[in-house]
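Notes follow the structure.
Heavy-atom basis, side chains included; hydrogens, waters and symmetry copies ignored. Throughout, a chain's letter reflects where its sequence line sits, starting with A, and its residues are numbered from 1.
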Protein chains: 2
Amino acid sequence: MGVKIKDVARVAGVSVTSVSRVLNKGEHVSEKLEKKVLRAIEELNYSPSLIAKSLKRNKTNLIGVIIPDITSHFQATILSSIEETAGKKGYNLLVSNIVEDTEKVVKYLNVFQDMRVDGIVLMHAKMNDDIRHFLTKTQIPLVVHADLGMNLPTVIIDDYKAGYDATSYLIQEGHQRIAMIAGDMRDLSAGRKRYEGYLAACKDHGLTVDESIIRFGDYKLATGYKLMNELLTEAGGSFTSVFAASDDMAVGAMNCIQDHQLHIPGDISVMGFDGSQIADVVRPRLTTIKQPVDQIGQMTIDLLLNLIEQSAAPSSLQPMRKVILAHELIAKGSCRNISGKIGPLIQ
Amino acid sequence: MGVKIKDVARVAGVSVTSVSRVLNKGEHVSEKLEKKVLRAIEELNYSPSLIAKSLKRNKTNLIGVIIPDITSHFQATILSSIEETAGKKGYNLLVSNIVEDTEKVVKYLNVFQDMRVDGIVLMHAKMNDDIRHFLTKTQIPLVVHADLGMNLPTVIIDDYKAGYDATSYLIQEGHQRIAMIAGDMRDLSAGRKRYEGYLAACKDHGLTVDESIIRFGDYKLATGYKLMNELLTEAGGSFTSVFAASDDMAVGAMNCIQDHQLHIPGDISVMGFDGSQIADVVRPRLTTIKQPVDQIGQMTIDLLLNLIEQSAAPSSLQPMRKVILAHELIAKGSCRNISGKIGPLIQ
DNA sequence: CTGAAAGCGCTTACAG
DNA sequence: CTGAAAGCGCTTACAG
């Protein structure tokens with residue numbers, strides 16, 4: 001990569017200013033000059049340095065993305081949609097896979113700052129003081145995929161309502177003992193909100209919440225299996241359905257239930273959350289709350305780019321800062337109506 | 001981010017040279033000076049620009065990664081391992097999700113070049129002239145996860161042998177009619193090599209290869225379903241097992257088989273490839289060829305960093321340029337021995 | 001339409 | 001141990 005703009009200028013017999021102009025297609029240059037420059041670029045196989053350009057322009061066209069776990073199909077799908085949308089707009093992605101580590105989040109937020117990224121997407125929803133401090137202080141436009149209670153620009157579904165809807169559906173299907181495999185309570189959206197929705201739905205429908213059939217996990221498949229195993233051995237037979245805060249955990253739970261020689265939905269109904277591919281892979285198919293992944297990715301980048309433009313050239317037209325997208329309950333074969341079985345719940 | 005090294009120097013009452021020195025911990029500075037500088041950095045909340053540093057040092061600590069499909073669990077796992085290994089060594093990842101698009105590969109290779117990444121990881125295995133041209137010309141250290149027949153540094157398993165082993169196993173289990181759901185023949189490793197291994201194993205064991213029970217796909221779950229559907233409707237009953245070139249396709253095929261009211265492995269045995277999580281999720285569990293994903297990620301970065309060092313400070317100790325890692329056949333419940341059923345194949 | 005020159009924010013010989 | 005100055009490879013007022 002030894003060749004730089006100066007070399008092109010020399011070979012083309014023009015100034016570096018002119019080379020820069022044909023590169024950036026901004027101001028008009030004569031056709032003759034343009035041709036000379038293009039020929040020299042071709043001849044030298046010149047590749048302009050985005051590093052130098054970024055330094056000068058004070059703009060990197062880089063977006064830093066912090067994602068808790070790329071190996072989650074749901075998160076990978078969002079990342080994929082973010083990548084596609086950002087790519088179309090000429091932005092590149094700096095990606096950090098965090099694996100539930102708040103220390104690493106802080107580290108990467110600082111790296112992103114040092115790299116002078118134009119914007120940040122934060123899909124991580126656990127907080128600590130350092131993260132909170134960074135988020136309140138930073139000048140970098142950012143969008144979070146979580147309700148962190150900090151009035152930050154957000155693209156998300158209504159996790160509370162979604163948890164409420166999932167639980168209500170099970171109740172309508174006649175279930176009165178609904179176990180929950182919830183997320184991490186330090187995770188303010190997918191963890192806490194979905195759980196709160198579950199609690200509220202139970203209370204609103206007159207069910208007593210029984211903590212002995214509630215577990216807390218980390219959204220992973222293996223965890224769903226492990227927690228379901230606990231539920232079956234410690235609280236076996238005392239519930240007719242289970243609501244998991246992620247499809248991966250739901251599928252882990254299904255595997256465990258089946259390994260215990262129990263039937264889904266005959267013995268236990270299972271409700272998932274996310275609407276990721278795996279929900280359609282397992283048998284019976286998983287009833288789940290579907291999040292609009294493609295929309296989430298697109299809207300996240302749209303909002304972020306708006307914020308970036310706004311910070312570059314402030315105008316009175318403030319971009320919307322909160323986007324709540326609609327979720328959807330997809331009923332498949334993993335849940336069944338047991339109203340008839342346990343008596344006339346709904347008359 | 002208005003604050004720059006000059007400001008720190010002014011506030012600390014020292015030269016920018018000294019500030020740079022405490023930042024980079026290279027040459028020794030007096031404790032007194034260091035303290036003044038650190039205090040000023042703290043006070044101003046200074047974040048040194050990696051962009052400026054990269055320009056000056058001619059090193060970005062950036063690695064560009066081109067991955068065909070992040071939503072594939074197998075690929076995401078490798079990416080995750082790459083990210084972890086690279087992060088530990090102080091490198092950040094520029095990620096491009098390509099979705100089987102050779103045009104996009106060329107585009108991103110050039111972006112990576114313009115961004116002056118220190119190295120490139122290419123997980124994409126389809127070629128075209130532009131890609132080939134780039135790969136032969138570039139000075140950027142790179143590692144490919146495919147045998148592209150170009151003598152490039154490579155970390156990979158022996159796909160030919162793995163395809164051979166998978167097929168031989170089925171043959172040993174008594175199968176004589178083995179369908180294949182292969183990859184893309186433009187994909188030189190996972191596509192072509194695994195298929196060639198299948199062909200060779202059939203021939204070596206005296207089986208005739210029947211093209212009517214062979215299909216070609218793109219490794220995705222939905223494609224496995226679709227192609228299995230073709231096989232069942234067009235060549236139904238004429239084979240006792242199927243070998244798929246990816247676990248995702250194998251699972252799609254399993255779903256299709258089960259949706260046709262057929263049993264696995266009772267009616268049809270299924271063999272996968274990759275050893276990704278989904279193989280243990282489905283019932284029966286999928287027999288598959290397991291790739292050593294974590295090792296692949298680690299070795300890829302190790303090799304790449306060696307090449308980067310080598311190109312920065314050439315020495316006579318050339319790093320090894322080809323790493324072939326061992327695969328492993330994991331036998332689970334999706335294949336069964338049918339020697340007894342169709343007669344004494346092995347006496 | 002074109003070019004000379006300053007400057008983006010750092011690092012690093014060089015000199016003291 | 002410390003600092004003044006050149007320079008990394010670009011862009012962009014400014015002047016012509």
Q.
Classify B:S18 by what it touches in the nucleic acid, base, sugar-phosphate, or nothing, heavy-atom distance under 4.0 Å.
A. sugar-phosphate

Q. To the nearest angstrom, how far is A:K53 atom NZ from C:dG9 atom C1'?
A. 19 Å

Q) Would you say a side-chain N or O of A:S20 is under 4.0 Å from OP1 or OP2 of D:dC10? A) no

Q: Return the residues of residues 30-39 of chain B meeting this criterion: a heavy atom under 4.0 Å from some atom of DNA chain D. Order them by number, or give none.
A: B:S30, B:L33

Q) Between the side chain of B:Q75 and the main-chain N/O of B:I70, is any donor-acceptor distance below 3.5 Å? A) no

I'd like a table of donor-acceptor pairs (distance under 3.5 Å, sequence neighbours excluded) in which one partner is a side-chain atom from residues 145-155 of chain B, with atom names and distances.
from   : atom 1 : to     : atom 2 : distance (Å)
B:H145 : ND1    : B:V155 : O      : 3.1
B:D147 : OD1    : B:G149 : N      : 3.0
B:T154 : OG1    : B:L152 : O      : 2.7

Q. Checking all strands, does A:S49 fall into the base, sugar-phosphate, or nothing category for heavy-atom contacts under 4.0 angstrom?
A. sugar-phosphate

Q. How far, in whole Å, is D:dG16 from D:dT12 if one measures between their C1' atoms?
A. 16 Å

Q: Take the protein atom NZ of B:K4 and the nucleotide atom P of C:dG7, then report the distance between them rounded to whole Å.
A: 12 Å

Q | 4.5 Å side-chain heavy-atom contact, B:I63 and B:I120 | A | no

Q.
Could you check whether any side-chain N or O of B:T138 sits under 3.5 Å from a backbone N or O of B:L135, counting only pairs where one atom can act as donor and the other as acceptor?
A. no

Q.
I want to check one thing: is the phosphate of D:dT2, taken as OP1 and OP2, less than 4.0 Å away from some side-chain N or O of B:S15?
A. no

Q.
If I take atom CD1 in residue A:I51 and atom C1' in nucleotide C:dC10, what distance separates them, rounded to the nearest angstrom?
A. 13 Å

Q) Does any non-hydrogen side-chain atom of B:K36 lie less than 4.5 Å from one of B:E34? A) no

Q.
Just to be sure I understand: a Watson-Crick pair is purine N1 to pyrimidine N3 plus N6-O4 or O6-N4, both under 3.5 Å. Using that and G-U wobbles, which stems of three or more pairs involve DNA chain D?
A. C:1-3 with D:14-16, C:5-12 with D:5-12, C:14-16 with D:1-3

Q. Which listed nucleotide (C:dC8, D:dC10, D:dT11) is nearest to the side chain of A:V16?
A. D:dT11

Q: Using the P atom on both, measure D:dT2 against D:dA6 and round to a whole Å.
A: 23 Å

**Q.** B:V8 and B:V11, any side-chain heavy atoms less than 4.5 Å apart
**A.** no

Show the atom names and distances, to 0.1 Å, of all donor-acceptor pairs under 3.5 Å that link a side chain in residues 79-86 of chain A to residues at least two apart or in another chain.
from  : atom 1 : to     : atom 2 : distance (Å)
A:S80 : OG     : B:N97  : ND2    : 2.8
A:S81 : OG     : A:D294 : O      : 3.2
A:E83 : OE1    : B:K104 : NZ     : 3.3
A:E83 : OE2    : B:N97  : N      : 3.4
A:E83 : OE2    : B:Y108 : OH     : 3.4
A:E84 : OE2    : A:K88  : NZ     : 3.3
A:T85 : OG1    : A:S81  : O      : 2.7

Q: Would you tell me whether B:Y219 and B:D69 have side-chain atoms, one donor and one acceptor, within less than 3.5 Å of each other?
A: no

Q. Please, which pairs that meet salt bridge (charged side-chain N to carboxylate O under 4.0 Å, His left out) have at least one residue in residues 41-63 of chain A, sequence neighbours excluded?
A. A:K59-A:D118

**Q.** Nucleotide C:dT12, atom P - distance to CG of B:N58 in whole Å
**A.** 11 Å

Q. Between B:K56 and B:V29, which has a closest nucleotide on DNA chain D that is more 5'?
A. B:V29

Q: Grab the CZ-P distance between A:R116 and C:dC10 for me, whole Å please.
A: 6 Å

Q. Do B:S96 side-chain atoms and B:I98 backbone N/O form a donor-acceptor pair below 3.5 Å?
A. no

**Q.** Whole-Å gap separating P (C:dA5) and CD1 (A:I5)
**A.** 17 Å

**Q.** Pair A:S47-B:R116, side-chain donor/acceptor within less than 3.5 Å
**A.** yes

Q) What integer distance in Å separates B:K59:NZ from D:dG9:C1'? A) 18 Å

Q: Please report, rounded to the nearest Å, how far the P atom of C:dC10 is from the CG atom of B:L55.
A: 12 Å

Q: Please figure out whether A:N24 or B:V14 has its closest DNA chain D nucleotide nearer the 5' end.
A: B:V14

Q | Charged N-O contact under 4.0 Å between A:D7 and A:K4 | A | no

I'd like a table of atom pairs between the protein and nucleotides 13-16 of chain C - only N or O on both sides, under 3.5 Å - with the distance next to each one.
none

